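What follows is one structure encoded as structure tokens, with my remarks underneath.
Remember, predicted model here, so these are calculated numbers, not experimental data.
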Amino acid sequence: MFKSRNKKSKVLDMVEEDLHAINEIKDASMSIREFNKIKYPAPKHYSGRDVIKIRKRLHVSQAVFAYLLNASESTVRKWEIGAKEPGGANCRLLQILENKGIGVLV
């Protein structure tokens, strides 16, 4: 099993590294909205085919994929057949997995 503390610290480390790399950030009190405009626009919409492609590229089952996303296997199955669409936080996690790979979450 993966430790959620490790997942959280790796993601926070990535964000912290990015924050230091952005020259425009002068004030630690910057709002999340301002931060998103600079570096992280809203994640794209993911279709069922997109979800399948990401999962297969990572070589994981629906159960493992669901665990990584903190979702149920049923939810992942519904995304993949198009009965349901991932939203908000799940789209962000899909974006991270698509761009950075599984290593950032494990």
message: Using 0.5 Å steps for rounding, measure from the CZ atom of Arg57 to the CD1 atom of Ile102.
response: 10.5 Å
query: Have Tyr46 and Gln95 got a donor and an acceptor in their side chains that come within less than 3.5 Å?
result: no
message: If I compare all heavy atoms of Val51 with all of Pro86, which pair ends up nearest, and what's the gap?
response: CG2-CG, 4.3 Å
- prompt: Does Ser47 have any side chain to side chain donor-acceptor pair (under 3.5 Å) partners at least two apart in sequence or in another chain, and if so, which?
  reply: Asp50
message: Could you see if Ile52 belongs to whatever hydrophobic cluster contains Ile54? Use Ile, Leu, Val, Met, Phe, Trp, Tyr and a side-chain cutoff under 4.5 Å.
response: no
- request: Write down the atom of Gly88, the atom of Pro43, and the distance for their closest heavy-atom approach.
  value: O-CG, 4.3 Å
- prompt: Less than 4.0 Å between a side-chain N and a carboxylate O, is that true for Lys44 and Glu98?
  reply: yes
message: Listing request: all side-chain hydrogen bond (donor to acceptor under 3.5 Å, both in side chains) pairs with a residue in residues 79-91, at least two apart in sequence or in separate chains.
response: Arg55-Glu80, Gln62-Glu80
message: If I take atom CG from residue Leu68 and atom CG from residue Leu93, how far apart are they, to the nearest 0.5 angstrom?
response: 9.0 Å
message: When you compare the side chain of Leu97 with that of Leu69, does any pair of heavy atoms fall below 4.5 Å?
response: yes
query: Excluding sequence neighbours, so at least two apart, what forms side chain to side chain contact (heavy atoms under 4.5 Å, CB included) with Ala89?
result: none
field: Tyr67 and Val76: CA distance, side-chain angles, deciding distance, side-chain contact (heavy atoms from CB on, under 4.5 Å) verdict
entry: CA-CA 10 Å; Tyr67 178 81; Val76 170; over 6 Å; no
